[in-house]
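Report on the following structure.
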Amino acid sequence: MKKLMTIAAFTFASATAIAQPAGGTDLFVLLDVDANQMISADEAKIHEPVLAQFETLDLNKDGQLSADEFSLLAKG
């Protein structure tokens, strides 16, 4: 039972971290596959909520999300 509770807690924490990024940082790093400090539309494809808002978040319309632009996702 203790093992089951540990697994459940870990699963919940992992899902929460991906669904609700703390200041955008954790999810930003996860999506930034090439580690260039920008999220491209191709990189955003692995997380539907980001992809769905990509054009809105891309304030300067350069086809990439900076950390500042991405942080707007966390603000709702």
Side-chain angles (χ1 to χ4, degrees):
M1 182 68 166
K2 185 176 181 180
K3 185 176 180 180
L4 179 60
M5 293 298 287
T6 301
I7 292 170
F10 178 75
T11 302
F12 177 75
S14 297
T16 302
I18 291 172
Q20 298 176 1
T25 305
D26 296 334
L27 183 56
F28 186 87
V29 171
L30 177 71
L31 294 177
D32 186 17
V33 175
D34 62 6
N36 70 344
Q37 303 302 306
M38 302 292 273
I39 305 298
S40 68
D42 283 339
E43 290 171 320
K45 288 179 183 176
I46 63 174
H47 193 70
E48 177 57 35
V50 175
L51 183 61
Q53 296 183 51
F54 191 89
E55 289 186 28
T56 302
L57 295 171
D58 184 13
L59 299 177
N60 63 359
K61 304 303 180 202
D62 66 351
Q64 300 185 78
L65 300 180
S66 67
D68 288 339
E69 290 170 325
F70 187 82
S71 70
L72 298 173
L73 182 69
K75 294 176 182 172

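By convention here, the first residue in the shown sequence is residue 1.
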Q. At their closest point, which heavy atom of A44 faces which heavy atom of F54, and how far apart are they?
A. CB-CD1, 3.8 Å

Q. V50 and L30: same hydrophobic cluster, using ILVMFWY side-chain contacts below 4.5 Å?
A. yes

Q.
Please enumerate all residues that pass side chain to side chain donor-acceptor pair (under 3.5 Å) together with D42, with sequence neighbours excluded.
A. K45

Q: Measure the shortest side-chain to side-chain distance between F70 and L27 over non-hydrogen atoms and say whether it is less than 4.5 angstrom.
A: yes

Q) With a 4.5 Å limit on heavy-atom distance, are the side chains of L31 and L65 in contact? A) no

Q. Do any pairs count as a salt bridge (charged side-chain N to carboxylate O under 4.0 Å, His left out) and have a residue in residues 48-73, sequence neighbours left out, and if so which ones?
A. none

Q) Residues two or more places apart in sequence or in another chain: which of them pass side chain to side chain contact (heavy atoms under 4.5 Å, CB included) with D34? A) D32, N36, E43

Q) Roughly how far, to the nearest 0.5 Å, is the CD1 atom of I46 from the CD1 atom of I39? A) 8.0 Å

Q) With side chains defined as the heavy atoms from C-beta onward, is the minimum distance between L59 and L72 less than 4.5 Å? A) yes

